[in-house]
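For ligands, and for the atoms within them, numbers begin at 1 and follow the listed sequence.
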Amino acid sequence: MERIYFDNAATTALDAQVLEAMMPYFTTHFGNPSSIYSYGRESRLAVENARKSVAKLLNAHPAEIFFTSGGTESSNTAITAAVRDLGCRHIISSVIEHHATTHTVEYLYHNGEAALSYVKLLPNGHVDLEDLERLLAESEEKCLVTLMHANNEIGNMLDIHAVGELCKLYNAIFHSDTVQTVGHFPFDLRNTPVHFITGAGHKFHGPKGVGMLYINENVKIKPFVHGGSQERNMRAGTENLYGIIGFAKALELASAGYEEDSSYIKSLKVYMMEQLKKNIRGVSFNGDPLGRSLYTVLSVSFPKTEKSEMILFNLDINHICASGGSACTSGADQGSHVIRAINNNPNQVTVRFSFCKHNTKAEIDSVVEKLKELI
Ligand SMILES: Cc1ncc(COP(=O)(O)O)c(C=O)c1O
């Protein structure tokens, strides 16, 4: 039986063209970018060309792009720097951020480095912007606002421009975890009021273990990882050469295919919603799936029964990959902090289906058929 992979918000398959672009850097072109002889300089040139390409695609300056090991490191760097180097003594975040953010802000709070406030959420899981403004206006300390662009579990998207303008008004630093949107939406960073954004290659058919941090040229932070002078002294350690090449290639392909791929993937999401509504009684959807929402993610709640409680396990047995919550905690038994925060209904079980351009309506039909048996 063929596997059906509906967990693309967790990670995606590496694109064959990305692998092809990376291959020489595994084999013949393995020089260390820091070596001064020509073999090293060729690698350096490849890294800098990748940086230029990423910067161009996001409409940023190459000096604003730093390569990292992924979304987690990028968010840790930005949040910690905002507190330690940029004078933010009050962090404003939400309870439905990815753990890369939540655990970092909680660490800084418990360590006595910053106060921490959570903005209210509206019933559909969107951030309450009036409450955000109230928190900013009432703060006596300089604030860091850290709010994700798109939620990886329910797909809700933040109005990044509106939040950025509020941050500007109250002189706050703004970090947005854009791991689910870089490679899925066009970015125009020169015209977006944000200080830090993040990306991870494996979310858009690039390699794992490589990401980026955009740092707006107007903010100056200290290095998070100490050691050599890589990444212009900002992030020590020999560069993930093939990863960086793969990240840039994957972003190039994602940007070129955006119009076609996004409308196709959106049609899959809408089709799955329709089929589920038609075929499964009591089904409901979390977040704002047809409003401000990722086209890749569909969070579905089913009525809890003895059978449906085992749904993820049963989907797995039937070679269907989907997630109960965030990728990083699925498999663990604690449930999802996001679903708990927005839909704490003990009589429902929730599954996240997330799609990519390789999925088909026929796969959705098979999954819905299977779900009819399993619920
Ligand atoms: C929204 C979001 N932020 C951060 C991360 C962490 O990215 P990485 O695993 O590449 O460090 C993920 C990955 O699941 C994510 O979905």
Side-chain angles (χ1 to χ4, degrees), residues 5-14 18 54 66-80 93-107 125-127 146-158 160 163 174-185 187 194 196-214 224-225 235 237 240 243-244 246-248 250-251 254 286-287 292-299 321-332 334 336-339 341-342 352-356:
Y5 187 75
F6 279 177
D7 203 15
N8 290 280
T11 198
T12 54
L14 190 74
V18 174
V54 169
F66 296 87
F67 291 114
T68 66
S69 65
T72 302
E73 182 192 321
S74 296
S75 283
N76 270 262
T77 304
I79 293 167
T80 307
S93 190
S94 87
V95 294
I96 59 170
E97 300 297 302
H98 189 274
H99 283 153
T101 294
T102 308
H103 290 172
T104 307
V105 299
E106 281 171 1
Y107 172 77
H126 283 304
V127 166
T146 171
L147 292 171
M148 67 204 308
H149 191 197
N151 188 281
N152 49 304
E153 296 195 37
I154 56 172
N156 276 18
M157 287 186 70
L158 184 78
I160 202 170
V163 172
F174 180 27
H175 160 254
S176 188
D177 171 349
T178 52
V179 164
Q180 292 291 341
T181 50
V182 164
H184 294 278
F185 286 90
F187 274 81
V194 66
F196 300 100
I197 73 156
T198 61
H202 67 113
K203 305 290 187 183
F204 49 94
H205 304 288
K208 294 174 180 52
V210 62
M212 61 131 227
L213 172 62
Y214 158 86
F224 186 61
V225 178
R235 198 267 183 182
N240 177 357
I244 290 169
F247 183 97
L251 191 61
N286 297 299
R292 284 189 90 87
S293 182
L294 275 177
Y295 53 85
T296 46
V297 167
L298 181 62
S299 173
C321 306
S323 191
S326 162
C328 314
T329 49
S330 62
Q334 350 158 303
S336 141
H337 66 289
V338 176
I339 301 301
I342 59 144
R352 176 189 70 182
F353 299 98
S354 49
F355 311 104
C356 79

Margin query: Using modelled atom types and a 3.5 Å cut-off, is there a donor and acceptor pairing between side-chain atoms of Q180 and backbone atoms of A9?
Written below: yes
Notebook entry, point to check: Looking only at distance, does E73 have an N or O less than 3.5 Å from an N or O of ligand 1?
Noted result: no
Notebook entry, point to check: With a 4.0 Å heavy-atom cut-off (strictly under), which part of M148 contacts ligand 1: side chain, backbone, both or neither?
Noted result: side chain
Note to self: Less than 6.0 angstrom separating the ring centers of Y295 and F185, yes or no?
What the structure shows: yes
Notebook entry, point to check: side chain to side chain contact (heavy atoms under 4.5 Å, CB included) with H184: which of N8, V179, T178, T296?
Noted result: T296
Check: Is any N or O atom of G71, backbone or side chain, closer than 3.5 Å to an N or O atom of ligand 1?
Finding: yes
Next item on the list: Could you tell me whether the side chains of S93 and E97 share a donor-acceptor contact shorter than 3.5 Å?
Entry: no
Margin query: Aromatic contact between F353 and Y5, with the criterion being ring centroids under 6.0 Å apart: yes or no?
Written below: no
Notebook entry, point to check: Looking only at heavy atoms, is any part of T72 under 4.0 Å from ligand 1, and if so is it the side chain, the backbone, or both, or is it neither?
Noted result: both
Margin query: Heavy atoms only: which of H98, H202, E153 lies closest to atom 15 (C) of ligand 1?
Written below: H98
Notebook entry, point to check: For the residue pair F6 and F355, is the inter-centroid distance of their aromatic rings smaller than 6.0 Å?
Noted result: yes
Checklist line | Atoms of ligand 1, numbered as shown, that sit under 4.0 Å from any heavy atom of A200 | finding: 10 (O)
Check: Which ligand 1 atoms, with their elements, are less than 4.0 angstrom from a heavy-atom of K203?
Finding: 12 (C), 13 (C), 14 (O), 16 (O)
